[in-house]
S.K.: 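Supplied in structure tokens, the structure appears directly below.
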Amino acid sequence: MDTYDDGTEDGAIGSSSSEKRQRSADGEERSDEDDGETAAKKKLRLSKEQSAVLEESFREHNTLNPKQKLVLAKKLNLKPRQVEVWFQNRRARTKLKQTEVDCELLKKCCKNLTEENRRLQRELVELRSLKRSPHLFMQVPATTLTLCPTCETARQRRPQIRS
DNA sequence: GATAGGTGGCCAGTTACATCA
DNA sequence: AGTGATGTAACTGGCCACCTA
């Protein structure tokens with residue numbers, strides 16, 4: 001296993017679990033990696049350059065190993081924890097987007113199936129009415145009576161019923 | 001070898017804040 | 001200037017995998 005005792009400035013590496021355990025253990029809320037500069041640092045927006053580099057890195061690999069995280073953090077002058085959080089949030093956004101895309105796809109699919117179902121229902125009604133008047137049924141061109149592969153197979157397997 | 005405890009990573013959900021219309 | 005909507009940085013708790021004593 002990798003160890004993170006490599007002197008990260010604020011010990012933010014691997015903070016997600018150890019820090020949360022620490023927080024829950026002593027009841028400390030929102031310590032925000034208290035390293036002296038208390039309260040001064042609220043949430044800050046990442047710069048466009050930082051975001052761009054993170055995006056580029058995310059395109060290459062959407063997860064980071066500890067080493068990559070450190071390198072990236074150093075490069076961007078961020079804390080490793082910030083990089084880690086950014087990747088987590090980015091993965092969540094990607095997943096959400098993909099879910100939306102999938103949802104749209106399923107809606108389209110549903111619409112198509114509904115239309116197809118209506119069409120088949122109409123066809124069924126038509127065929128039933130034809131069946132009720134056999135003289136018309138026999139006049140129906142063969143092309144009108146083509147069956148889908150499943151039905152065709154079933155029809156062929158069906159034992160011939162003699163009247 | 002089985003087991004408990006520690007650690008770190010990821011995820012889903014939430015909160016807090018910045019920005020914009 | 002005030003405000004609601006939206007985006008996102010950061011947090012929280014839970015779960016899992018791995019390591020070690």
Side-chain angles (χ1 to χ4, degrees), chain A residues 1-128 146-157:
Chain A
M1 241 305 169
D2 301 286
T3 52
Y4 309 130
D5 53 350
D6 49 354
T8 316
E9 56 259 39
D10 53 71
I13 268 282
S15 59
S16 60
S17 286
S18 55
E19 277 194 357
K20 83 180 170 191
R21 285 193 180 97
Q22 179 82 20
R23 272 196 296 273
S24 54
D26 56 23
E28 186 187 2
E29 283 293 314
R30 317 200 78 248
S31 69
D32 209 13
E33 296 144 1
D34 240 341
D35 54 356
E37 317 162 21
T38 46
K41 41 181 183 173
K42 289 285 174 184
K43 187 159 106 179
L44 29 110
R45 280 327 226 215
L46 300 181
S47 71
K48 278 188 174 161
E49 289 74 21
Q50 286 171 324
S51 295
V53 172
L54 286 165
E55 278 292 344
E56 191 183 341
S57 177
F58 184 81
R59 273 196 295 275
E60 284 173 29
H61 28 63
N62 69 354
T63 55
L64 291 176
N65 64 38
K67 181 117 187 167
Q68 290 170 321
K69 194 199 298 178
L70 269 182
V71 169
L72 202 51
K74 203 156 216 171
K75 182 177 176 184
L76 297 172
N77 196 28
L78 292 171
K79 287 172 186 148
R81 171 67 180 155
Q82 284 178 291
V83 174
E84 180 182 307
V85 165
W86 188 91
F87 268 73
Q88 275 179 15
N89 285 324
R90 186 65 178 77
R91 280 193 293 272
R93 285 196 290 274
T94 302
K95 190 173 181 182
L96 184 63
K97 272 242 167 73
Q98 187 56 50
T99 302
E100 284 169 4
V101 167
D102 290 349
C103 189
E104 283 307 307
L105 205 66
L106 284 172
K107 275 186 196 168
K108 265 185 195 164
C109 203
C110 182
K111 195 179 161 211
N112 287 344
L113 285 172
T114 304
E115 277 173 17
E116 175 73 354
N117 188 38
R118 281 207 197 98
R119 191 188 66 73
L120 290 169
Q121 291 286 355
R122 280 198 301 272
E123 194 174 319
L124 187 61
V125 168
E126 216 169 288
L127 289 171
R128 277 182 178 149
T146 50
L147 297 174
C148 72
T150 313
C151 296
E152 181 61 30
T153 309
R155 190 185 67 80
Q156 284 169 1
R157 286 199 187 136

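The basis for the numbers below is simple: all heavy atoms, side chains too, and nothing from hydrogens, waters or symmetry mates. Letters go in sequence order (proteins before strands), and every chain restarts at 1.
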S.K.: Rounded to whole Å, how long is the line connecting atom CZ of A:F58 with atom P of C:dT8?
M.R.: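 One finds 13 Å between P of C:dT8 and CZ of A:F58, rounded.
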
S.K.: Find the distance A:W86:CH2 to C:dC11:C1' and express it as a whole number of Å.
M.R.: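 Atom-to-atom, A:W86 to C:dC11, this comes out as 18 Å.
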
S.K.: As a test of reading the structure: which of C:dA10, C:dG7, B:dC10 is closest to the side chain of A:R45, going by heavy atoms?
M.R.: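 Looking only at heavy atoms from C-beta outward on A:R45, the closest nucleotide is C:dG7.
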
S.K.: What's the NZ-C1' distance between A:K69 and B:dG9, to the nearest Å?
M.R.: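 To the nearest whole Å, that distance equals 8 Å.
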
S.K.: Look at the side chain of A:R93 and decide which nucleotide, out of B:dC10, C:dA9, B:dG9, has an atom nearest to it.
M.R.: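 Out of B:dC10, C:dA9, B:dG9, the nucleotide with an atom closest to A:R93's side chain is C:dA9.
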
S.K.: Decide, yes or no, whether a salt bridge links A:E104 with A:K107 under the criterion of side-chain N to carboxylate O below 4.0 Å.
M.R.: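 Yes, this pair counts.
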
S.K.: Rounded to the Å, how far apart are A:N89 CG and B:dT14 C1'?
M.R.: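 These atoms are roughly 11 Å apart.
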
S.K.: Mind calculating the distance between CG (A:L78) and P (C:dA10) to the nearest angstrom?
M.R.: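 About 8 Å, once rounded to whole Å.
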
S.K.: To the nearest angstrom, how far is A:L54 atom CG from C:dT8 atom C1'?
M.R.: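 Roughly 13 Å, once rounded to whole Å.
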
S.K.: From C-beta outward on A:E84, which listed nucleotide comes closest to its side chain: B:dG9, C:dC11, B:dC11?
M.R.: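 The answer is B:dG9, which lies nearest to the side chain.
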
S.K.: Strictly below 4.0 Å: does A:Q82 bring a side-chain N or O up to OP1 or OP2 of C:dA9?
M.R.: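 For C:dA9, neither OP1 nor OP2 has a side-chain N or O of A:Q82 closer than 4.0 Å.
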
S.K.: In chain order, what residues pass the salt bridge (Lys or Arg N to Asp or Glu O under 4.0 Å) check against A:R118, with sequence neighbours excluded?
M.R.: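 By the salt bridge (Lys or Arg N to Asp or Glu O under 4.0 Å) rule, A:R118 matches no residue at all.
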
S.K.: Under 4.0 Å between a side-chain nitrogen and a carboxylate oxygen: does that hold for A:E123 and A:R119?
M.R.: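 Salt bridge: yes.
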
S.K.: Between C:dA9, C:dT12, B:dG9, spot the one nearest the side chain of A:L46, thanks.
M.R.: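 Given the options C:dA9, C:dT12, B:dG9, the side chain of A:L46 is closest to C:dA9.
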
S.K.: For the pair made of CZ in A:R90 and P in B:dC11, what is the distance, rounded to whole Å?
M.R.: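 Taking CZ of A:R90 and P of B:dC11, I get 13 Å after rounding.
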
S.K.: Please report, rounded to the nearest Å, how far the P atom of B:dC10 is from the CZ atom of A:R81.
M.R.: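 Computing the A:R81:CZ to B:dC10:P distance gives 11 Å.
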
S.K.: Among residues at least two apart in sequence or on other chains, which ones pass side-chain contact (heavy atoms from CB on, under 4.5 Å) with A:S47?
M.R.: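 side-chain contact (heavy atoms from CB on, under 4.5 Å) list for A:S47, sorted by chain: A:E49, A:Q50.
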
